[in-house]
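Following: one structure in structure tokens, then a few remarks.
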Amino acid sequence: MTEKELRELKEKVVKISKPGEIEKILEHKTMYERIKDTAMRKPDAVALMYFGNNITYRQLLTLIDTAANGFSQIGIQYNDVVAMSMLGTPYGIVSLYALDKIGATMHMVNCSSNASEIKRELEKVPSKYFVGNDIFCNDDMMKLFDSVGIEKVVTTSLLDGVPMGFNIDKIKYSFIEKVKGPNKKLYDNVRIMNFDKLLSIGRECSASIDACKFEPNKLVSIAYTSGSTGNSKGCMATWEGIDSMIQVMGMTELGRFEETDVMFSTFPLWIYYSLLNMIHEPLVLGVALALDPLFNPKDIAKRNKMYKFNHWLTIPPYIKTMVENCKDIDCSRWKLIITGGAELSNSLKIQADQFIKNNNGTAHVEQGYGASECLGSFSYGYTENPSLGSLGTPCVGNMIKILDVDTNEELGIGETGVAYLYSPALMSGYYGDVDATNHNLVVDSDGVTWYNTEDLVSINEKGELFLEGRIRRIALSIDAKGNPTKIIPERTKRCLSLMNEISKCEVITVPDDKVVNKAIAFVVLKNGIMPTEDLKDKMIMFCQSNVPEYMVPADVVYLEELPMNAGKKTDLKELERIYAENYINVNSKKKIRK
């Protein structure tokens, strides 16, 4: 989309105050049609940058059309489900748009998950086809594919698209693929083939296939929530939802992108935040993507020098690594640095902003807020001088209402309640889970659908969002006077995070005979701080002075590191397991160093 088109659309949208009205003025296209428009508008501009190889929009479109021919020739048709597990590589992006041109439904599987979870997802959403990086296709995975009915496998190498000649990243990727990759003897170019063979088949077609026409409710993709609470669900996205997301973000970010800009993209395609915010949106806007599929945050200075990027959508742990490890980095070109997926603490934001300033930059790190149910970002700090600690302001066209937890009455500025989000870019539902869909997608009396986030949020007078907790993590408890009350783990967590000795922390609730549930804190200390009993007492006393007594942790557990799930969020189920196995029915002051 051009800046002129987005500006004209924004002028109409900002006048709309009633939820549901924006859908009436949006005009839509498929993902493939959007990338084709960009390629027609600026064919010779760089679309993808991959370790020294620049692929223009014209070249990208040719690869997409060729791959679509190949996919069609091996049997993939309109509405066929294709299991897809791709890192952010050139051929991963080619596959995305080629399958969209055919009208296939992409089932985004996280093949870095454990085998049982992958098997569960592949059985729940049956498919005859798998397209993915070959490091996800070792012998065990091939056997798993057989067991769930996968008939054809197309793989792409991390080296596909890397230029000829010596390249240290090429050496690293070659070693990884040698260790994790498939048995090449299995490749018969019929049931199992690499992407070069698929392209060869596509080139042999006598005529290119026609692109599917836009249908609003066409199921395009299924991608999963992070599953931090142990219950990952498949969010379904339609062409209308995906294209609405691109238009919402395009209107919001008017003036923030130039067509000569470069965005650094490091995340896999199986996350909507990556798929749409980091890949599809910038390509639709004509921005070049610099790719690093196995990104190590300690390499940020190296990648910054290699790609000379302007924009970086990332996560707080990567920002923390940069601040702590990078000593020589030029931030002068940086324009937009946004974090999501986890909380950006105030202290880390202040450190990061100062770090960028010390390295010749003027950009600020801003916190974003979104969910797979919203197909990515819902809000971020795009307004002038966003408040410290805020999750930003809803993007243009998005709206929010805050309802009381108990009465469901709408609340005002400064009051904390459950956040319900309206956006034209909501998912259409959870795959195979009608009950969860009906619980989280709520239709109001005007027929407008809202997403019940189950997040506790407040809004200030500037319209900025502040996360206060999470309904699903709220636990009933009994206060010192015997009155029923509720523990909000995030509130205790934020309190502990203020202590200088603590690097990271997380709080869970566990059952208790006396007070129904009690809070338990897990703490990672900063380097050089000793895990003593006196320090535990200090933490508990600090909480006693800053949160209600029923939210004070009953125990503090020292860990070397917090366990993370495949979505790069704290694994709360694993913390519950650690506590259950090591602390239930033992002295609560017993120290276990993991």
Between [X] (side chain only) and [Y] (backbone N and O only), is there a donor and an acceptor less than 3.5 Å apart?
X	Y	value
S274	F267	yes
T453	A419	yes
N296	K298	yes
D555	I520	no
N359	D330	no

Rounded distance (nearest 0.5 Å) linking atom OG1 of T532 with atom CG of D537
8.0 Å
Which distance, rounded to the nearest 0.5 Å, do you find between the CD1 of I338 and the CD1 of I315?
14.5 Å
For [X] and [Y], which heavy atoms make the closest approach, and how far apart are they?
X	Y	answer
R333	N310	O-ND2, 3.3 Å
C374	M245	O-CE, 3.1 Å
K504	I502	O-CG2, 3.4 Å
P282	L289	CG-CD2, 3.6 Å
M399	W450	O-CZ3, 4.0 Å
T252	V396	OG1-N, 2.8 Å

Can you tell me if [X] has over 12 outside heavy atoms packed within less than 6.0 Å of its [atom1]?
X	atom1	result
K180	NZ	no
K526	NZ	yes
N408	CG	yes

Can the ring centres of F378 and Y451 be said to be less than 6.0 Å apart?
no
Between the side chains of [X] and [Y], is a donor N or O closer than 3.5 angstrom to an acceptor N or O?
X	Y	answer
E373	Y272	no
N398	S423	yes
K462	T383	no
E253	Y380	yes
W312	N304	no
Y420	D444	no

If we only count heavy atoms from C-beta on, is the [X] to [Y] side-chain gap below 4.5 Å?
X	Y	result
Y558	I529	no
L348	P316	yes
E490	V507	no
M249	H280	no

Audit row: C495, F542, side-chain contact (heavy atoms from CB on, under 4.5 Å) steps and yes/no
CA-CA 8 Å; C495 173; F542 184 78; 3.7 Å; yes
Report the C-alpha distance between M86 and N133 in whole Å, list the side-chain angles of each, state the deciding distance to 0.1 Å, and finish with yes or no for side-chain contact (heavy atoms from CB on, under 4.5 Å).
CA-CA 6 Å; M86 284 286 195; N133 290 101; 3.9 Å; yes
Considering only NZ, NE, NH1 and NH2 on the basic side and carboxylate oxygens on the acidic side, decide whether K493 and E506 come within less than 4.0 Å.
yes
Can we say E574 and R577 salt-bridge, meaning some charged N sits less than 4.0 Å from an Asp/Glu carboxylate O?
yes
Walk me through whether D571 and M564 qualify under side-chain contact (heavy atoms from CB on, under 4.5 Å).
CA-CA 5 Å; D571 192 332; M564 308 296 284; 5.9 Å; no
Only one of Q351, K357, K349 passes side-chain hydrogen bond (donor to acceptor under 3.5 Å, both in side chains) with D353, and that residue is K349
